[in-house]
Amino acid sequence: MTPLLDVNELSVGFRTGRGVVQALSGASIDLAPGEILLVVGESGSGKTVLAHSLLRLLPRNAGVSGSVMLHGQDLLALPPRAMRRIRARRLALIPQTPASALNPVRRLGGQLLEAARARGLTDDAARRRLRTLLAELDLDLAAVGARYAHQLSGGMQQRVVNAMALVGEPDVVIADEPTSGLDSALVDTTAQQLLDIAARGSALLVITHDLRLAERLGGRLALLYASRIVEVGPSAAFFAGPTHPYGRELLRALPEREGKPIPGLSPELTALPAHCAFAARCPDRFERCGGALPDLYPAADGVLSRCFSHAQR
Ligand SMILES: Nc1ncnc2c1ncn2[C@@H]1O[C@H](COP(=O)(O)OP(=O)(O)O)[C@@H](O)[C@H]1O
Ligand SMILES: [Mg+2]
């Protein structure tokens, strides 16, 4: 079966006064209808850049290469008008900073309805659906609709933009940290809404460093380190035992596990090494690691790992 979303060798570099910031390097992912893919990685590893490059929302200093096929059509080659239609109906973004997605000088009711209309819903259907989505998140459409964004807490704004993105049941939902600022009960409800959306056939790309949300959502997981996917496979396999040393050390660093931080720093994106970017911090490093960049090798059932320890020797 051809996937709904098929991303191949996607790279993004930002031209800056300090040189090129290589924010994403050769990322390949695919998503089928109803599938969930989690993208996990520390701050600055390229997660938001990945989301924004799929939606073509990058600033002008970005150089992009690779392909982003949706329904067999390369989004990177579409004229801007066609891309705007895709964003309204097929690909929805739950942005990392909800306030940036809300117009500060308009009441929220109008903005919610407009989002639903752009996705092809009638006003009646939109109101019903928004009322349900918001009620699940403990918000009342009439009360929230009469307010302005600044009158809501960060957590309430997050819930409003989540409802806005989910209202039209788009083919693909890209959620960038959809639970930031939410307490644990609301994390659970948001997870349930995302699972419901996937169960109805939308594909979900969820960016998160909330590992509790990740475990709850299941699906597949791609781990990013210094702009590159270093491990990809079933989420359950990752939480049971990562195959890449970075994944293993990342889980050990969690306060609820060993709370043992990884020594050293991730490399500057303006000066990425030509070999494994984790080599300098890796407790398993051997000679080959400082020489060349490893491919993604089969490491366990359905798991690929960018580590020479899994290469055929
Ligand atoms: N417009 C830009 N110009 C230069 N560098 C950028 C720009 N946007 C993002 N970056 C850099 O790209 C890297 C990845 O950023 P981002 O995808 O936002 O990380 P995260 O994984 O935390 O979401 C960071 O080092 C960030 O500073
Ligand atoms: Mg981000």
Side-chain angles (χ1 to χ4, degrees), residues 7 9-29 37-66 68 75-76 91-101 154-155 157-158 161-162 165 172-182 187 190 194 204-214 217 220-232 235 238 242 244 246-247 249-251 253-254 261-262 264-273 277-278 280-281 306:
V7 177
E9 288 295 316
L10 188 61
S11 295
V12 177
F14 295 102
R15 293 174 292 274
T16 74
R18 302 180 286 130
V20 174
V21 176
Q22 191 61 44
L24 194 65
S25 304
S28 297
I29 54 172
L37 177 67
L38 308 164
V39 177
V40 172
E42 68 193 10
S43 178
S45 57
K47 304 182 299 296
T48 295
V49 167
L50 170 63
H52 287 187
S53 59
L54 303 182
L55 289 146
R56 299 237 324 250
L57 293 173
L58 293 173
R60 298 180 65 152
N61 66 331
V64 182
S65 64
V68 178
L75 299 186
L76 298 185
L91 269 179
L93 174 70
I94 298 182
Q96 181 166 3
T97 39
S100 68
Q157 290 177 352
Q158 179 71 65
V161 296
N162 289 2
V172 182
V173 176
I174 300 173
D176 193 355
E177 313 277 6
T179 54
S180 51
L182 300 185
V187 169
T190 303
L194 291 170
L204 290 186
L205 183 76
V206 181
I207 291 169
T208 185
H209 53 237
D210 182 344
L211 291 174
R212 196 185 135 163
L213 174 72
L217 291 176
R220 282 185 303 143
L221 183 146
L223 178 66
L224 271 180
Y225 182 74
S227 85
R228 234 177 248 288
I229 294 177
V230 296
E231 169 161 352
V232 60
S235 297
F238 178 79
H244 193 283
Y246 170 61
E249 297 301 314
L250 185 71
L251 286 192
L254 291 176
I262 311 176
L265 296 170
S266 49
E268 290 288 340
L269 298 179
T270 46
L272 284 175
F278 191 61
R281 308 170 77 184
R306 195 179 291 286

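Whatever order the structure lists them in is the order used to number ligands and atoms, beginning at 1.
- No option in Thr190, Asn162, Asp210 other than Asp210 meets the side chain to side chain donor-acceptor pair (under 3.5 Å) test with Thr179.
- Atom 22 (O) of ligand 1 has its closest protein heavy atom at Gly44 N, 2.7 Å.
- Taking every heavy atom of Pro59 and a limit of under 4.0 angstrom, the matching atoms of ligand 1 come to 1 (N).
- Side-chain atoms of Phe238 and Leu38, non-hydrogen and from C-beta on, never get closer than 4.5 Å to each other.
- Atom 6 (C) of ligand 1 is approached by the protein to below 4.0 angstrom, counting heavy atoms only.
- Taking the side chain as every heavy atom from C-beta outward, Ile29 and Val39 never approach each other to under 4.5 Å.
- Remark: the Ser180 side chain and the Gln158 side chain contain an N/O donor-acceptor pair separated by less than 3.5 Å.
- Distances below 4.0 Å separate heavy atoms of Ser43 from the following atoms of ligand 1: 22 (O).
- Which parts of ligand 1 touch Asn61 is read off a 4.0 Å heavy-atom cut-off, strictly below it: atoms 1 (N), 3 (N).
- Rounded to the nearest 0.5 angstrom, Glu249 CD and Arg281 CZ are separated by 9.5 Å.
- The proximity of Val49 to ligand 1, defined as any non-hydrogen pair under 4.0 Å, involves the side chain as well as the backbone.
- Residue Ala23 places no N or O, backbone or side chain, under 3.5 Å from any N or O of ligand 1.
- Of the protein's non-hydrogen atoms, the one nearest atom 11 (C) of ligand 1 is Val21 CG1, 4.0 Å.
- The backbone N or O of Gly26 sits nowhere less than 3.5 Å from a side-chain atom of Arg228 that would complete a donor-acceptor pair.
- The shortest side-chain heavy-atom distance between Leu75 and Leu54 does not fall under the 4.5 Å cut-off.
- Taking backbone and side-chain atoms together, Thr48 has an N/O/S atom less than 2.8 Å away from the Mg ion (ligand 2).
- The protein atom (non-hydrogen) at minimum distance from atom 13 (C) of ligand 1 is Leu269 CD1, 3.5 Å.
- Given atom 18 (O) of ligand 1, the protein heavy atom at minimum distance is Thr48 CB, 3.5 Å.
- Atom 21 (O) of ligand 1 has its nearest heavy-atom neighbour, among Lys47, Arg15, Glu177, Arg18, in Lys47.
- Of the polar atoms of Phe14, none of the N or O atoms is found under 3.5 Å from an N or O of ligand 1, judged by distance alone.
- Interface atoms of ligand 1 facing Thr16, defined by a heavy-atom separation under 4.0 Å, are 4 (C).
- Between Thr208 and Leu217 the shortest side-chain heavy-atom distance does not fall below 4.5 Å.
- Between Phe278 and Tyr225, the angle of the ring planes goes over 60°, which puts this pair in the perpendicular group of the 30/60° scheme.
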